[in-house]
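Below is one structure, written out as structure tokens; comments come after it.
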Amino acid sequence: MSDDIYREIILDHYRNPRNKGKIAGPDVSIHDSNPLCGDEIDIHMKIEGDKIKDIKFEGRGCAISQASASMLTEMVLNKQLTSVKDLTKDDILENIGLTNLGPARIKCALLSLKVLKLGMVKYYADRDPASAKKLQEDSRTL
Amino acid sequence: MSDDIYREIILDHYRNPRNKGKIAGPDVSIHDSNPLCGDEIDIHMKIEGDKIKDIKFEGRGCAISQASASMLTEMVLNKQLTSVKDLTKDDILENIGLTNLGPARIKCALLSLKVLKLGMVKYYADRDPASAKKLQEDSRTL
Amino acid sequence: MQKSALNVRKIRKDFPILKREVMGGKQLVYLDNAATTQKPLSVINAINNYYMNYNSNIHRAVHQLAEEATAAYEETRKKIVGFINAGSTDEIIFTRNTTEAINLVAYSWGRANIKRGDKIVITEIEHHSNIVPWQILTQEKAAKLEYVGVGDDGYLKIDEFAKYLDSKKVKLVSLSQMSNVLGTIVPVNEMIKMAHEKGIPVLIDGAQSVPHMPVDVQKLDCEFLAFSAHKMLGPTGVGVLYVKRDLLEKMPPFMGGGDMIKEVHKYETRYNDLPYKFEGGTPNIADVIGFGAAIDYLQNIGMDRVREHEIDITKYALDKISAVKGVTIYGPANATDRGGVISFNIGDIHPHDLATIMNDHGIAIRSGHHCAQVLMERLDVSATSRASFYIYNTKEEVDALISALAEARRLFRI
Amino acid sequence: MQKSALNVRKIRKDFPILKREVMGGKQLVYLDNAATTQKPLSVINAINNYYMNYNSNIHRAVHQLAEEATAAYEETRKKIVGFINAGSTDEIIFTRNTTEAINLVAYSWGRANIKRGDKIVITEIEHHSNIVPWQILTQEKAAKLEYVGVGDDGYLKIDEFAKYLDSKKVKLVSLSQMSNVLGTIVPVNEMIKMAHEKGIPVLIDGAQSVPHMPVDVQKLDCEFLAFSAHKMLGPTGVGVLYVKRDLLEKMPPFMGGGDMIKEVHKYETRYNDLPYKFEGGTPNIADVIGFGAAIDYLQNIGMDRVREHEIDITKYALDKISAVKGVTIYGPANATDRGGVISFNIGDIHPHDLATIMNDHGIAIRSGHHCAQVLMERLDVSATSRASFYIYNTKEEVDALISALAEARRLFRI
Ligand SMILES: Cc1ncc(COP(=O)(O)O)c(C=O)c1O
Ligand SMILES: Cc1ncc(COP(=O)(O)O)c(C=O)c1O
């Protein structure tokens with residue numbers, strides 16, 4: 001099983017994360033951690049006209065959580081929030097190519113998506129409370 | 001088994017308790033209850049020259065606890081405290097003729113002895129702290 | 001569709017202890033179910049199976065045993081959501097028992113919300129677990145405790161309740177849904193509505209109701225519900241506190257420690273998500289899993305049928321016991337207004353003496369104040385005898401109780 | 001007299017779960033004992049037997065089941081008195097776990113004794129259960145928490161401790177006797193003496209020490225000792241708090257409810273005698289009884305021999321693990337100064353990833369912050385892998401771990 005998980009691409013994103021770092025004057029910054037293992041992710045975003053113009057992450061944790069965060073930033077950069085809003089658990093697992101994780105490790109893979117959703121909750125809080133609420137609910141299921 | 005417990009003499013002391021009531025100006029008054037069943041006993045004593053000159057009890061509870069209290073007052077009235085001090089569990093159970101009670105009902109039979117010991121603790125507190133301490137320890141085992 | 005009555009014969013086979021003989025050969029007649037119920041084999045086996053096959057600490061490890069144990073533990077939480085119709089698993093906190101559940105509310109919600117001069121309304125029929133935590137809290141905060149009275153007929157005085165609610169000072173109502181002494185089923189639906197009209201939250205002590213009748217927290221709309229696994233076929237050591245999510249989100253934690261935190265730094269801590277924020281330390285994993293099997297067992301029977309069986313046997317027992325000479329029965333006369341709990345006294349036989357005599361006949365009843373001394377004072381008795389029923393009790397067992405009562409009258413010469 | 005080594009082969013037969021296969025046919029190698037231990041058949045059977053034969057609520061009934069259950073429950077209390085050499089059963093309180101035991105002290109003793117400006121001294125190696133309750137208490141009381149540092153060698157800085165004690169403001173010291181991460185055995189004997197010279201009471205978190213070495217509270221002379229049954233062959237859901245009687249007598253109650261009272265009136269309550277005053281509500285009866293069987297099992301082996309076995313296997317494992325390329329081991333280098341707990345990291349493999357790979361080989365280790373994030377910050381790591389041993393672990397199991405580590409290095413190409 002581990003042979004399927006720790007493939008070259010995961011190790012590459014783990015050791016050479018894309019979009020890692022801070023952004024000067026971000027529109028949204030958000031932090032969360034996985035209480036089960038202590039993995040941490042911060043996401044910073046610049047949003048212009050409903051589009052993610054820039055996204056960077058900071059974090060520490062396992063190869064799965066960090067590679068997944070790195071791949072997520074690549075996936076959503078320059079995307080419209082409306083298209084990013086509805087990203088599901090399965091979208092992420094397919095994107096990183098890990099569809100047979102156990103329940104504990106799935107949490108690692110989904111941490112960055114959870115943080116991204118919480119970031120959008122913050123962004124939408126005043127702009128679109130209904131979306132914020134839905135995203136908040138979504139984030140609970142991750 | 002109940003035939004051995006609820007003999008004529010127990011029922012008689014239960015229904016016609018001896019030395020039941022209050023004393024005007026007692027030297028010691030003490031109250032305790034059995035947390036297991038809520039049985040309550042108050043003992044009031046007049047003590048003169050180390051002798052129990054008068055003793056009365058008040059209480060409510062089962063036939064065993066009330067008959068036992070009644071019989072105990074008869075047993076110790078006009079006795080020297082020194083001789084009463086060392087009364088044991090077995091002395092009481094023999095006195096009331098109940099030597100095969102289960103652990104829960106034994107507590108009922110011994111409640112009045114416990115209260116009597118606590119009364120002596122109070123009486124001895126300043127007069128003879130060593131005895132008070134020993135009686136306190138004793139009372140814990142009842 | 002007509003539902004059939006319980007197949008009690010068949011149910012009894014699931015409870016190994018019911019074959020037990022006591023007192024040197026007497027068949028056990030267990031009528032102490034309000035104190036704790038017996039456990040079906042499926043519950044005993046669930047615990048056994050956990051320890052034999054997948055015992056592990058939960059939530060924090062990635063090895064297979066931990067994943068299996070975590071899944072089984074969380075599965076019980078889901079079952080409880082279904083059983084009481086909660087909104088989500090976030091609202092279900094595992095405690096040791098009803099007592100801890102109520103104390104959690106008193107410590108966490110209570111200390112944050114009750115101020116000097118405030119009032120908490122409870123009733124004269126409450127169990128000590130729904131009295132003492134509020135005494136401690138009101139003493140600490142210089143707040144006041146008010147007791148809704150109970151009538152001689154065993155019903156609460158709803159007009160008194162309404163009067164108390166008129167005070168703006170009332171910040172909480174805490175009510176047992178079923179008295180563990182009188183059996184009275186309290187009209188909590190109506191009382192919760194009355195409290196909500198004044199904006200007052202309500203805690204329901206469901207220790208006696210949840211095991212014996214359908215309880216739906218969304219229909220009730222109560223803010224808090226507390227109950228114990230061991231009174232509903234489950235193991236000792238597990239209780240449940242349900243709290244409406246919007247309240248729970250604002251509550252400070254109760255027990256600090258492992259599992260209830262997200263990040264601990266030297267001088268500050270971020271607490272965990274719901275419901276884990278309220279479950280500090282290694283939980284009672286095995287027994288929570290065992291409780292899951294108990295819920296399955298009850299769901300399988302159906303709580304409506306549990307209730308019907310108890311009305312049936314209680315009606316029968318009320319008739320028989322009230323026919324015994326010298327008997328006083330406490331609580332509502334009508335079996336449909338009460339749970340399967342009958343408290344009584346006979347002549348001047350003290351309940352402990354009566355229970356000892358019953359025990360000679362293999363009959364387990366409870367005697368004493370039933371952790372309801374405020375009610376005992378109100379009834380002006382120091383104790384009562386109590387027979388209480390569950391799904392495995394039969395009318396023959398009631399008959400055995402009745403014969404033993406005759407024997408008690410002979411011994412006490414009344 | 002020369003004591004013989006443990007007969008581990010024989011011991012393993014008593015633990016049914018050790019025959020388990022995981023991950024599709026891999027023999028289970030259970031090295032997560034610091035989180036929770038496995039249970040011998042005698043413990044599982046004691047619980048089973050209780051539910052099959054004498055399940056009843058305790059303390060308050062006179063029927064035979066209740067008397068049997070009460071006697072068995074109280075028997076465990078006596079066994080604990082013997083096991084830790086307490087003065088009497090009055091000093092032994094049953095809780096859910098170590099976490100609740102420490103919270104009980106923080107709520108009851110702490111709220112009564114800690115005032116604004118006071119200090120509580122703990123250390124950087126504490127488990128969250130011995131940090132968060134004091135954070136909550138000191139925040140509430142505007143008191144201060146001080147942390148004794150730990151050196152790079154894994155030993156506490158005793159001079160720092162001495163310096164803290166110089167302040168008259170220190171009102172409590174709370175110390176783990178064995179770190180669940182570093183394995184460090186803390187010189188609590190000496191530290192308790194130092195604190196007592198200043199008149200400061202000491203709480204010992206014995207969650208890791210009591211299961212693994214002889215602990216004698218009268219020799220230690222500590223005021224409080226907390227530990228968990230589930231870490232010493234016992235069931236989940238039971239913990240113990242030992243408190244010196246003179247302190248306990250002055251402590252206000254924690255959980256209000258049934259069983260902890262003597263008399264309840266509407267507006268006042270007389271609390272029960274020790275230790276019952278601190279055990280509100282129906283206890284975890286079955287598991288306390290099960291814990292009794294666990295104590296018997298350990299007493300039978302002898303805690304000296306448990307300790308010797310662990311030194312032996314830990315020494316072996318330290319040698320083997322430190323020989324793996326790229327490994328960092330945390331904590332004292334000397335196996336006699338540490339318990340059977342080894343935390344380590346390899347290269348840039350994150351512990352969760354390592355644990356997942358170990359799991360592929362049937363090996364259960366723990367990974368993460370081990371509820372010790374303050375220590376993680378001090379070590380400047382986000383997590384470690386941890387293997388921890390108990391009486392049934394063998395050197396062959398250590399060898400299996402070592403081969404799996406090689407496999408992890410291959411997968412991560414290091
Ligand atoms: C040192 C230490 N203290 C406290 C605890 C908490 O124990 P429990 O989760 O049983 O309350 C643990 C267990 O993880 C521990 O290792
Ligand atoms: C109405 C009521 N509330 C609370 C309790 C307390 O339950 P537990 O002892 O399980 O905490 C009981 C049980 O005796 C009860 O009958």
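Chain letters run A, B, ... following the sequence lines, proteins first, then strands; residues in each count from 1. Small disclaimer: the values here were computed from a predicted structure and weren't measured.
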Side chain, backbone, both or neither: which part of D:Arg386 has a heavy atom under 4.5 Å from chain C? neither
Where does the angle between the aromatic ring planes of D:Tyr50 and D:Tyr54 fall among parallel (under 30°), tilted (30 to 60°) and perpendicular (over 60°)? perpendicular
Options D:Glu268, D:Lys144, D:Met358, D:Gln139, ranked by heavy-atom pairs under 4.5 Å with chain C, top entry: D:Glu268
What part of D:His370 gets closer than 4.5 Å to chain C, counting heavy atoms only: side chain, backbone, both or neither? neither
Heavy-atom distance under 4.5 Å to chain C: side chain of D:Arg20, backbone, both or neither? side chain
Should the pair D:Phe254 and C:Tyr107 be assigned to parallel (<30°), tilted (30 to 60°) or perpendicular (>60°) ring geometry? tilted
Using 4.0 Å as the upper bound for N to carboxylate O, is an ion pair formed by C:Glu377 and D:Lys266? no
Using non-hydrogen atoms only, which part of D:Ile131 is less than 4.5 Å away from chain C: side chain, backbone, both, or neither? side chain
Engaged part of D:Ile365 at the chain C interface, taking heavy atoms whose separation is under 4.5 Å: backbone
If you count heavy-atom pairs within less than 4.5 Å of chain D, which of C:Thr269, C:Thr282, C:Thr36 leads? C:Thr282
Most contact-rich option vs chain D, by heavy-atom pairs under 4.5 angstrom, among C:Ala372, C:Cys371, C:Ser129, is C:Ser129
Answer with side chain, backbone, both or neither: which region of C:Ser228 has an atom nearer than 4.5 Å to a non-hydrogen atom of chain D? neither
Does any backbone or side-chain atom of D:Glu126 lie under 4.5 Å from a heavy atom of chain C? Answer side chain, backbone, both or neither. neither
Quiz question: by atom type and distance under 3.5 Å, do the side chains of D:His230 and D:Thr236 form a donor-acceptor pair? no
Residues C:Asp205 and C:His127: side-chain donor-acceptor under 3.5 angstrom: no
For the side chain of D:Asn97 and the backbone of D:Glu100, is there at least one donor-acceptor N/O pair under 3.5 Å apart? yes
Pick whichever of C:Val238, C:Thr356, C:Leu65 has the most heavy-atom pairs under 4.5 Å with chain D. C:Leu65
Ring-face cation contact, D:Tyr51 with C:Lys39, 6.0 Å cut, 45° max: no
Region of D:Leu104 in contact with chain C, defined by heavy-atom distances below 4.5 Å: neither
Residue selection (most heavy-atom pairs with chain D, distance under 4.5 Å) from C:Ala286, C:Gly362, C:Ala364, C:Ala106: C:Ala364
Side chain, backbone, both or neither: which part of D:Pro235 has a non-hydrogen atom closer than 4.5 Å to chain C? both
Residue selection (most heavy-atom pairs with chain D, distance under 4.5 Å) from C:Asn130, C:Asp360, C:Ile261: C:Ile261
Sub-4.5 Å side-chain heavy-atom contact between D:His369 and D:His128: yes
With a 4.5 angstrom heavy-atom cut-off, is it the side chain or the backbone of C:Gln135 that approaches chain D, or both, or neither? side chain
For this output row, return yes or no: ring centroids of D:Phe94 and D:Phe291 closer than 6.0 angstrom. no
Using heavy-atom distances under 4.5 Å, tell me whether D:Pro252 contacts chain C through its side chain, its backbone, both, or neither. neither
Are a donor atom and an acceptor atom from the side chains of C:Asn49 and C:Asn53 found within less than 3.5 Å of each other? yes
Looking at chain C, which one of D:Leu137, D:Val62, D:Thr138 has the largest number of heavy-atom pairs inside 4.5 Å, strictly under? D:Val62
Is D:Tyr267 close to chain C through its backbone or its side chain, or both, or neither, when contacts mean heavy atoms under 4.5 Å? both
Ignoring hydrogens and geometry, is there a side-chain-to-backbone donor-acceptor pair from C:Ser174 to C:Ile122 under 3.5 Å? no
Region of D:Ile285 that comes under 4.5 Å of a non-hydrogen atom in chain C: both
Short side-chain donor-acceptor distance under 3.5 Å, D:Gln38 and C:Asn55: yes
Partner chain C: residue of D:Ile102, D:Ile363, D:Leu145, D:Val22 with the largest heavy-atom pair count (under 4.5 Å): D:Val22
Do D:Thr95 and D:Phe278 come close enough that some side-chain heavy atom pair is under 4.5 Å? no
C:Asn359 side chain to C:Ala355 main-chain N or O, any donor-acceptor pair under 3.5 Å? no
Most contacts with chain C, counted as non-hydrogen pairs under 4.5 angstrom, among D:Gly258, D:Pro253, D:Gly368, D:Ser367: D:Gly258
With a 4.5 angstrom heavy-atom cut-off, could you sort out which part of D:Asn284 is near chain C: side chain, backbone, both or neither? both
If you count heavy-atom pairs under 4.5 Å with chain C, which of D:Thr99, D:Val132, D:Ile17 comes out on top? D:Ile17
